[in-house]
Amino acid sequence: MSGFDVLTRGEVLDTALKARDHLISSGIPAALANKDARPWGSLPVDQGRLGWLDLPAASHDLLAQMESLVAEVRYSGLDHIVLVGLGADGLAAQAIMDAGGGRDPRGGLTLLDGGDFAVLDQALERLDRTLVVLSSKGGDTIEGDAYRRVLVQAFRRHGLSEPEIAARFLVLTDHGTPLDEFARHRGYRLGLTDPELPGHFGALSAYGLVPAVLAGTDVVPLLEQATSALSSLSSEEDNPGLLLGAVLGGCAQQPADGVTRDKLVLREAPGGSAMSAWVSQLLATGTGKRGRGILPLDAAGLPGADVCADLHAVAINPQSPAATDADTSLWAPAGAQFMLWEYATAVAGWLMGVNPFETAAEVIKEAESDAAGMLRHAGHGPLPTGQPSFVDGEIEAYTEPEGFVSYDLASAVGSLLRRVPDNGYLSILTYLSGDFSGRYLAPALARRIGRPVTYGSGPGYLHSTGSYHKDGPRNGAFLIITGAPLADRPVPGRPYTLGKLQLARALADVRTLRRRGIPVLRLHLRDPIEGAGRLIDIARETR
């Protein structure tokens, strides 16, 4: 596919055209063309916030700088890239790899994001061919530190010397972060990036490109597609990014009469993709603040056709407008999509009265600092989980001090579901080492409550989309599932295991949500396999 276009219809079309005219008369396309961030509340000199517009061209220089590194890595037989990164850092690399279609069948990329520990075990099986990329725009994370320690110990046991181990690590971070200083001290390879560039807009920066290129992806066609898209984004007429942003932002505003359509459903054939996950974090972080936001949804978590009037569906690359019932259709090759979605997010943010270039750093650090504090105070002892409100079989239920009067599992879940607002949603977060996902519960629960259900694994999901959930409209209710790890691993030099770290992250996220008045029910599965089956049965109940 070489071209790109956006088509919409019905009442969405009327909304979008009015919003587009308002954007043009307010000078928003001109501001973006001139890299002027002032309409979003930034200082005139703060052009770095719009540096993503330069990435299609600037990243060609990055590829040239990488040639010697790529040659050295290939010569050394390192064809397996382990990427340690949460949120946007990891999602961007995965999206670029999928879009480029360049997975090396012998190696490829393994993402460690604090979720399923089995992924780490798979990575450790290929140590002789592994290069580790530590990717963190804001600096090191608890998970990054833990995985690095595990990998360093594994390399030592594999017989590598300290200099050889240092050569197996590449750090991607901003200038001046603690991770920058740490990498220099350890002698790791180091790639420094622009601290002014918002991380959620950085897919075509080093964070997305470097791991993908090292894993064998040809990214040049993607950059050429992105460059091609830029020419249309500089105009006011026939600007697909402007129209897409007008659709998203226009639908998300409160109309004089009608329904705010601020729940976005991304539809792709044959299903979801890494690109959809990247778009979701971009929109959630870019628009989710000051009580506003666009909530990205997966089709698996919808209650059924014509149930929720506040949904807005966007079909990506459908065969034709007639082949989909989506409100809006987008046609674009992958490289162009990165630019179109970033441009549209900037436009939608302005329409919604938020600065889309503000990061979610404070939201992320709040939960991470809380988890780090719990681990530090617990030492070798247990975490402060508190006493369960009740135990039903092998499942512990931790309800809120007020709002739940339940003493069995089905009633507790039902109580949580009843607290989902008429314009809200349920979110299922799993902090488990294993393949049990909220996806197994979402369809049945969505049908029960007639509202959409989001799901994801922790801590990566809230790291990516927490800005919306915590600082957006706050109209969600959360079912957080923790459990005894099926296979745990100690963190060298720390008084905790990966399982204990994962539980600390869950407890911290529960506390940050409750501090904002968001309903939360935490269920802890003493036996994850039996407990998962029990939860699936409860989700299917009709009452």
Can you pull the ring pair (Phe, Tyr, Trp, His ring centres under 6.0 Å) pairs that have at least one residue in residues 274-302, sequence neighbours excluded? W278-F338
Hey, does P211 have a side-chain heavy atom less than 4.5 Å from the side chain of L109? yes
Calculate, to the nearest 0.5 Å, the distance between atoms NE2 and CG belonging to H312 and L248 respectively.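 Result: 6.5 Å between the selected atoms.
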Rounded distance (nearest 0.5 Å) linking atom OG of S427 with atom CG of L513: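 S427 OG to L513 CG: 8.5 Å, rounded to 0.5 Å.
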Under-4.0 Å salt bridge between [X] and [Y]:
X    : Y    : result
E366 : K470 : no
D180 : R184 : yes
R451 : D310 : yes
D145 : R148 : yes

For Y425 and H469, take the angle between the two ring planes, folded into 0 to 90°, and tell me which bin it lands in: parallel under 30, tilted 30 to 60, perpendicular over 60.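 Correct class here is tilted.
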Taken in chain and number order and not counting sequence neighbours, the residues that satisfy side chain to side chain contact (heavy atoms under 4.5 Å, CB included) with L7 are D5, P321, W331
Only counting residues at least two apart or in another chain, list the ones meeting side chain to side chain contact (heavy atoms under 4.5 Å, CB included) with V119.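 Once residues adjacent in sequence are excluded, the partners of V119 under the side chain to side chain contact (heavy atoms under 4.5 Å, CB included) criterion are T110, L112, D116.
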Ignoring hydrogens, what is the shortest heavy-atom contact between G202 and L197? Give both atom names and the distance. CA-CD2, 4.1 Å
Do other residues, nucleotides or ligands put more than 12 heavy atoms under 6.0 Å from D422 CG? no
Would you say NE2 of H175 has more than 12 non-hydrogen atoms from neighbouring residues, nucleotides or ligands within 6.0 angstrom? yes
